[in-house]
Amino acid sequence: MYDYDLLVVGSANADLVIGVERRPGAGETVLGTDLAVHPGGKGANQAVAAARLGARTALLARVGDDAYGRLLLDSQRAAGVDTVGVLVGGAPTGVALITVDPSGDNSIVVSPGANGRLTPADVRAAASLFQASRVVSTQLEIPLETVAEVVRDLADGSRFVLNPSPPQPLPADILAACDPLIVNEHEARVILGDAAVGDSPEDWARILLAKGPRSVVVTLGAEGALVASAEGVARVPSVAVDAVDTTGAGDAFTAALAWRLGARATLAEAAAYAARVGAAAVTREGAQESFPTAAEVEAL
C-alpha cells in the first residue's frame with residue numbers, strides 16, 4: 001500500500017508576472033501591467049495540480065528562508081500537498097520572470113536559486129518518500145545529477161515520469177526509466193539533437209521511443225497530444241476552450257497524466273484526461289491558481 005499517489009521532485013519558484021501587448025525584441029523596452037507575484041515552479045505546480053485533482057501528493061524540493069519560500073510552502077499546504085520533503089535554506093528561493101501577451105502565450109526566464117541546491121544527497125535522505133510513492137514525477141529545473149539520483153532511488157514497482165523542461169540532452173539511464181517521457185515540440189527537438197526529426201509529431205515520438213523510454217507523450221497545445229509505446233502511436237484530442245493564460249498548463253497536464261497512470265489508466269486514457277485538465281487550466285490566469293478540481297474537469 002502506497003501512502004502517496006504521486007511524489008513530485010522538482011522546482012519551486014515565485015512567479016513574477018507582467019502582461020504585455022507584445023514581447024520586447026533585443027534592446028527594446030516595452031511597458032506592461034502591474035507586477036503580480038504567484039507561487040510557481042514546475043515541481044510545485046505539478047504537486048498542487050495533482051492535489052487539487054484529489055491525488056495524495058508529496059513534494060521534494062528546496063526553497064529559500066525568505067518571503068517567497070513561505071509563499072510557496074503556504075500554497076502547497078493549502079492545496080493539501082505533504083511538504084515533509086520541502087527543504088529550506090541554502091540559497092534564495094528560485095524566481096521565474098514571466099511575460100504574458102494578449103493571446104495568453106508566455107515567455108519565461110528562470111533564476112534557479114535554491115532549486116540548484118537540491119542535491120543527490122537530498123534525494124537519498126528522502127528514501128522513505130520514494131518507498132511510499134506509487135509514481136514519481138520530475139523535471140529539469142533542478143540539477144540533472146539530482147534527476148539521475150531520483151532514477152536510482154525509485155522503489156520497486158513505482159513509475160517514473162519526466163518532463164524534460166527546460167530541455168537538454170539526456171543520458172541513457174534516465175531515458176530508459178521514463179514511462180512516459182513527456183515533451184512538447186521544442187523539447188523533442190532538443191533531446192533528439194542531430195537525429196532526423198521528421199515533419200510530424202508521430203515521427204518525433206517514434207524516434208524518441210527508439211532512444212530508450214518505455215513510453216512517450218508529445219503535447220500539441222490546442223491540438224491535444226500524442227502517445228507512443230510498444231503498442232503503437234495514437235492521437236489524443238484536446239478540448240476547445242478560450243485560452244486566457246497558458247502559464248502552468250503543461251505542469252497541470254503532466255500531473256494529471258502521472259496521477260491517472262498510477263490509478264492504472266492506460267497511457268491513452270491518462271493523456272485524454274490530462275488534456276482536459278490542461279484545457280481547464282488555460283481558461284484562468286496564473287499557474288497554481290488556475291488548476292482545476294476533479295469536479296471542474298468533469299464539468300468542462
| query | For the side chain to side chain contact (heavy atoms under 4.5 Å, CB included) test, which of Val136, Ile142, Leu140 pairs with Thr138? | reply |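 That would be Ile142; it is the only one of Val136, Ile142, Leu140 passing the side chain to side chain contact (heavy atoms under 4.5 Å, CB included) with Thr138.
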Between [X] and [Y] (side chain of the first, backbone of the second, donor and acceptor by atom type, cut-off under 3.5 Å), is there such a pair?
X	Y	value
Arg134	Gly157	no
Arg260	Ala265	no
Asp122	Thr119	yes
Arg276	Ala272	no
Ser229	Ser215	no
Gln76	Ala44	yes
Asp173	Ala148	no
Ser238	Ala275	no
Asn13	Lys42	no
Asn163	Ile182	yes

| request: Take Arg52 and Glu296 through the side chain to side chain contact (heavy atoms under 4.5 Å, CB included) test and state the conclusion after the steps. | output: CA-CA 10 Å; Arg52 287 259 178 90; Glu296 289 170 334; over 6 Å; no
| said: Under a 4.0 Å threshold between the charged nitrogen and the carboxylate oxygen, would Arg124 count as salt-bridged to Asp153? | reply: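 Looking at Arg124 together with Asp153, the answer is no, because their closest N to O distance does not fall below 4.0 Å.
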| message | Using a strict threshold of under 4.0 Å (side-chain N to carboxylate O), is an ion pair present between Glu202 and Arg206? | response |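 No, no charged N to carboxylate O under 4.0 Å.
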| query | Counting heavy atoms not belonging to Glu223, are there more than 12 under 6.0 Å from its CD? | reply |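 No, the 6.0 Å shell around CD holds no more than 12 heavy atoms from other groups.
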| said: For Glu231, I'd like to know if atom CD has over 12 heavy atoms of other residues, nucleotides or ligands within 6.0 Å. | reply: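 Incorrect, the count does not exceed 12.
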Please round to the nearest 0.5 Å and tell me the distance separating atom [atom1] of [X] and atom [atom2] of [Y].
X	Y	atom1	atom2	value
Leu60	Ser133	CG	OG	9.5 Å
Glu298	Tyr273	CD	OH	6.0 Å
Asp179	Ser158	CG	OG	10.5 Å
Thr99	Arg22	OG1	CZ	12.0 Å
Arg77	Leu72	CZ	CG	11.0 Å
Ile174	Glu149	CD1	CD	10.5 Å

| request: Using the side chain to side chain contact (heavy atoms under 4.5 Å, CB included) rule, take Leu7 and Tyr2 through it: C-alpha gap first, then chi angles, then the decisive distance, then the call. | output: CA-CA 11 Å; Leu7 168 63; Tyr2 295 100; over 6 Å; no
Quick one: closest heavy-atom pair of [X] and [Y], and the distance?
X	Y	answer
Ala49	Ala255	CB-CB, 3.8 Å
Val216	Pro180	N-CB, 4.0 Å
Val20	Pro102	O-CD, 3.1 Å
Ile191	Gln168	CG1-O, 3.8 Å
Leu208	Pro213	O-CD, 3.1 Å

| field | Residues Ser103 and Asp101: side-chain donor-acceptor under 3.5 angstrom | value |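 Note: Ser103 and Asp101 side chains meet the donor-acceptor criterion.
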| Any donor-acceptor N or O pair under 3.5 Å, side chains Thr254, Asp251 |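 Side chains of Thr254 and Asp251: no pair found under 3.5 Å.
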Measuring only between side-chain heavy atoms, which start at C-beta, is [X] closer than 4.5 Å to [Y]?
X	Y	value
Leu144	Pro171	yes
Asn115	Glu141	no
Leu181	Leu170	yes
Pro167	Val183	no
Val277	Trp259	no
Val236	Val217	no
Arg23	Val30	no
Pro292	Arg284	yes

Linking I/L/V/M/F/W/Y whenever their side-chain heavy atoms sit closer than 4.5 Å, directly or via other members, would [X] and [Y] fall into one cluster?
X	Y	value
Leu87	Val9	yes
Val147	Phe130	yes
Leu118	Val151	yes
Leu35	Ile98	no
Tyr4	Val48	no

| field | Check against side chain to side chain contact (heavy atoms under 4.5 Å, CB included), Leu261 and Leu267 | value | CA-CA 7 Å; Leu261 288 175; Leu267 186 60; 4.2 Å; yes
| request: List the steps and the verdict of salt bridge (charged side-chain N to carboxylate O under 4.0 Å, His left out) for Arg56 and Asp3. | output: CA-CA 7 Å; Arg56 297 169 300 164; Asp3 294 329; 5.7 Å; no
| task | Check the pair Leu220 / Arg235 against side chain to side chain contact (heavy atoms under 4.5 Å, CB included), numbers first and verdict last. | result | CA-CA 10 Å; Leu220 303 171; Arg235 288 264 186 164; 3.1 Å; yes
